[in-house]
Chemist: 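Please see the structure below; I have some questions.
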Amino acid sequence: MNASPLTLPTGDDGPALRGAVASWPWLKVIACTVALAAAAPVVLPLMSLARLATIGDAELWPHLAAYVLPNAALQTALLLTGVAAVTAVAGAGSAWLVTMFRFPGRDSLLWLLPLPLAIPTYIAAYVYVDIFDAAWLPPIRSLGGAIFVIGFVLYPYVYLAARAMFQTQAAAFGDAARTLGARPWRLLCDITLPLARPALAVGIALALLETLNDIGATEYLGVQTLTLSLFTTWLNRGSLPGAAQIALSMLVLVAGLIALERYGRRRRNYQSATQDGRAAAPIVLRGGKAWLAALACLAPVTIGFFLPAGFLLREAIARGITAGFDLDLLRHAATTVALAACATALVLLLGLAATVPLRLTRLPLVLACAAVASLGYAIPGTVLALGLLSPLVAVDEAINWASLHVTGAHVGLLLAGSSAALVIAYAVRFMAIAIGLLQAGLARVSSDFDDAARLLGAGPLTLVRSVHLPLIRPALWGAALLVFVDCLKELPMTLLLRPLNVETLSTYIYQFATRGNFEEGALAALLIVAAGILPVIRIVHFAESPPGAR
């Protein structure tokens, strides 16, 4: 799970891969067709957005540019800047402390620090508004409150990336610096952080993309971001072209974030001059310094996980755990699980379609399609939902045209007007997770297995079915788990694309929050949080286990 949705592993070219095209001439056509099918769900929404933005009222864009976009862009920029600062300090700081030092509770904190990933940002926002109101604290419905809540929920993106990088830094650098009298703080500033810059860029970029995707937390906390402006322009003002124009503005911001991440990794392929591969031994802290380090690491996980989860558990118990399991909750939970399961199956199919051709042939078109297919995660959910509308309606019109000529009857909106739209939207956005993990899994499969299978007469389908799929089964299960839970938590796309009278756990909670009685949905929120803990534990286990045990 060390593959970032922004970083596409290239795999390992061996004799089997180099000779595949020569042995199977028709493989080019099949590989290109499958790769194009995997990339099309990402390309079509973007093309639809560009077309949609050019139609409509000619005076709409000047109005948006004069009265909507300036404030929304400023609020979004300030929010992203604040979240970047919080996640960088909390994530990199805690990763540095648990990696470089040994202190009371350090081994437990290794597992606890990533847990805020199990808390959706919108649930954390609902909880903290109630906590601040009940404790007579200053109002948290503000830009600063949004930075606080979102930053402490998303810092694990930076923590996991920085922790992985800190673990790989050779001890020789630290030993040499200490010999010259460098203190730990100087070591951090001059050696540790510069070497970890690529990982920090990836972690911060992912956290900012999640922030840009958020709609529940920012709306509840009163921050008028570009995402919220798109949402209100679409639903409240009924202007699809206006929403598309805002969406294109957001895509410019997304491109800037990806460029920032690429810039941070521009020197990632350096070679160390030392042959010493030892990891730096942790420095044992004692006395007050040890307890300060423990408190510094405990603070972010308490803010990001323990307080929200504890509040939900208290509210659920106060209202009666069993009493909360009414028929509505059970029906919405079943709907959520069914949608997430269907989307997960589709994601795995698309992920395999994007990655397996890369194992069999390295054609430039196949490489480009895999790269495009992995960009779905970088597109905010509101933007993706808007872009999918026209392609889905076009497919429905084609189906209705065929049905009218064959049966003489219309069949209605089979995709755009049903839960199928949600499944497709989930699959497009989270396909990058499957692509990253499956690429990482295939990269660990030696090409010797391909050579042996081909010498025994195995064709490409047999090679994939009998060799590749069994060996990447752990990556498949990991991708399925992560995608399933992400679908359970997804709010923006669900709000925009769900059919009438269809509720998921996330929209069920959202309805309570908008009515000002979020506590009534505490049990549903607790179910989402509990479901999110398992993949977080799996990520931590993968990150902390030695390479040979993965």
Side-chain angles (χ1 to χ4, degrees), residues 83 86-87 90-91 93-94 98 104-141 144-157 159-160 210 214 216-217 220-221 291 293-325 329 333 485 488-489 491 505-506 508-510 512-513 516-540:
V83 169
V86 172
T87 54
S94 56
V98 297
R106 179 252 190 192
D107 293 339
S108 298
L109 285 165
L110 289 174
W111 291 84
L112 295 175
L113 280 164
L115 284 182
L117 285 179
I119 305 285
T121 52
Y122 55 88
I123 290 180
Y126 304 155
V127 167
Y128 271 104
V129 168
D130 280 9
I131 290 176
F132 271 61
D133 288 346
W136 300 96
L137 293 171
I140 198 173
R141 293 177 187 253
I147 291 173
F148 172 82
V149 172
I150 296 175
F152 278 104
V153 170
L154 298 182
Y155 80 83
Y157 283 109
Y159 166 82
L160 290 169
E210 284 297 317
D214 177 83
Y220 200 67
L221 296 173
W291 291 108
L295 289 175
C297 292
L298 188 60
V301 70
T302 299
I303 297 171
F305 179 79
F306 287 128
L307 282 178
F311 178 89
L312 294 176
L313 184 60
R314 189 200 69 179
E315 292 296 327
I317 293 175
R319 284 164 173 73
I321 294 286
T322 55
F325 278 103
L329 178 59
V485 175
L488 291 183
K489 300 187 297 182
L491 178 63
L505 288 176
S506 59
Y508 180 67
I509 298 165
Y510 178 82
F512 281 113
N517 56 345
F518 164 67
E519 298 85 352
E520 297 295 329
L523 183 57
L526 193 62
L527 291 177
I528 292 179
V529 172
I533 291 176
L534 182 58
V536 173
I537 291 175
R538 180 179 175 85
I539 291 173
V540 178

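Position 1 is the first residue of the sequence, and the numbers go up from there. Predicted, not measured: the structure shown is a model, and the values here were computed from it.
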Chemist: Atom CZ of Phe311 and atom CG of Leu526: how far apart are they, to the nearest 0.5 Å?
Modeler: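 That separation rounds to 11.5 Å.
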
Chemist: Is the shortest heavy-atom distance from the side chain of Pro308 to the side chain of Ile123 under 4.5 Å?
Modeler: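 Side-chain contact under 4.5 Å: no.
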
Chemist: Which pair of non-hydrogen atoms, one from Pro114 and one from Val536, has the smallest distance, and what is that distance?
Modeler: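 Of all heavy-atom pairs spanning Pro114 and Val536, the closest is O-CG1, 3.4 Å.
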
Chemist: I'd like to know if the side chain of Tyr155 and the backbone of Leu113 have a donor-acceptor N/O pair within less than 3.5 Å.
Modeler: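 Judged by distance alone, yes, a pair lies under 3.5 Å.
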
Chemist: Ignoring hydrogens, what is the shortest heavy-atom contact between Leu115 and Trp111? Give both atom names and the distance.
Modeler: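 Closest approach of Leu115 to Trp111, heavy atoms only: CG-O, 3.9 Å.
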
Chemist: Would you say the ring centers of Tyr220 and Tyr126 fall short of 6.0 Å from each other?
Modeler: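 Ring-ring flag for Tyr220/Tyr126: true, centres closer than 6.0 Å.
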
Chemist: What heavy-atom pair brings Cys297 and Leu109 nearest, and what distance separates the two atoms?
Modeler: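 Looking at all heavy atoms of both residues, the shortest contact is CB-CD1, 3.6 Å.
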
Chemist: Which atoms form the tightest heavy-atom contact between Leu221 and Ala146, and what is the distance?
Modeler: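 The answer is CD1-CA, 3.5 Å.
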
Chemist: Testing Leu154, Val153, Ile147 one by one against Ile150 for a side-chain contact (heavy atoms from CB on, under 4.5 Å), which residue passes?
Modeler: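 With Ile150 as partner, Leu154, Val153, Ile147 yield a single side-chain contact (heavy atoms from CB on, under 4.5 Å), made by Leu154.
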
Chemist: Please report the interatomic distance CD1(Ile528) to CD1(Ile119), rounded to the nearest 0.5 Å.
Modeler: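 That separation rounds to 10.0 Å.
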
Chemist: Any sub-3.5 Å donor-acceptor pair from Tyr510's side-chain atoms to Tyr122's backbone N or O?
Modeler: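 No, because the side chain of Tyr510 does not come within donor-acceptor range (under 3.5 Å) of the backbone of Tyr122.
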
Chemist: State the CD1-CG distance between Ile509 and Leu527, to the nearest 0.5 angstrom.
Modeler: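 One finds 8.0 Å between CD1 of Ile509 and CG of Leu527.
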
Chemist: Is there a side-chain contact between Ile131 and Ile140 in this structure, where contact means two heavy atoms from C-beta onward sitting under 4.5 Å apart?
Modeler: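 No, too far: nothing below the 4.5 Å cut-off.
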
Chemist: Under a 4.5 Å cut-off applied to non-hydrogen side-chain atoms, are Thr121 and Val149 in contact?
Modeler: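 No; the side chains remain at least 4.5 Å from each other.
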
Chemist: Is Leu110 close to Val540 at the side-chain level, that is, under 4.5 Å between some pair of heavy atoms?
Modeler: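 Of all side-chain heavy-atom pairs linking Leu110 with Val540, none is under 4.5 Å.
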
Chemist: How many angstroms lie between NZ in Lys489 and CG in Leu491, if you round to the nearest 0.5 Å?
Modeler: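 So the NZ of Lys489 and the CG of Leu491 are separated by 12.0 Å.
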
Chemist: Heavy atoms only: give me the nearest Gly532-Val485 pair and the separation to one decimal.
Modeler: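 Here Gly532 and Val485 meet closest at CA-CG1, 3.5 Å.
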
Chemist: Hey, does Phe305 have a side-chain heavy atom less than 4.5 Å from the side chain of Val529?
Modeler: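 Yes, at least one pair of side-chain atoms sits under 4.5 Å.
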
Chemist: Ignoring hydrogens, what is the shortest heavy-atom contact between Ala316 and Ala522? Give both atom names and the distance.
Modeler: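 Minimum heavy-atom separation between Ala316 and Ala522: N-CB, 4.3 Å.
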
Chemist: What I'd like to find out is whether the side chain of Phe152 reaches to under 4.5 Å of the side chain of Thr87, using heavy atoms alone.
Modeler: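 Phe152 vs Thr87: side chains apart.
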
Chemist: Taking C-beta and beyond as the side chain, do Phe132 and Pro139 meet within less than 4.5 Å on heavy atoms?
Modeler: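 Heavy-atom side-chain distance check fails, nothing below 4.5 Å.
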
Chemist: Output the distance between atom OH (Tyr128) and atom CD1 (Ile303), rounded to the nearest 0.5 Å.
Modeler: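 Rounded to the nearest 0.5 Å, the OH-CD1 separation comes out at 5.5 Å.
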
Chemist: Assess whether side chain to side chain contact (heavy atoms under 4.5 Å, CB included) is satisfied between Val127 and Leu312, documenting all intermediate values.
Modeler: CA-CA 8 Å; Val127 167; Leu312 294 176; 3.9 Å; yes

Chemist: Are any side-chain N or O atoms of Asn517 and backbone N or O atoms of Glu520, one a donor and one an acceptor, separated by less than 3.5 Å?
Modeler: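 No.
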
Chemist: To the nearest 0.5 Å, how far apart are CG in Leu329 and OH in Tyr508?
Modeler: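 One gets 5.5 Å once the value is rounded to the nearest 0.5 Å.
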
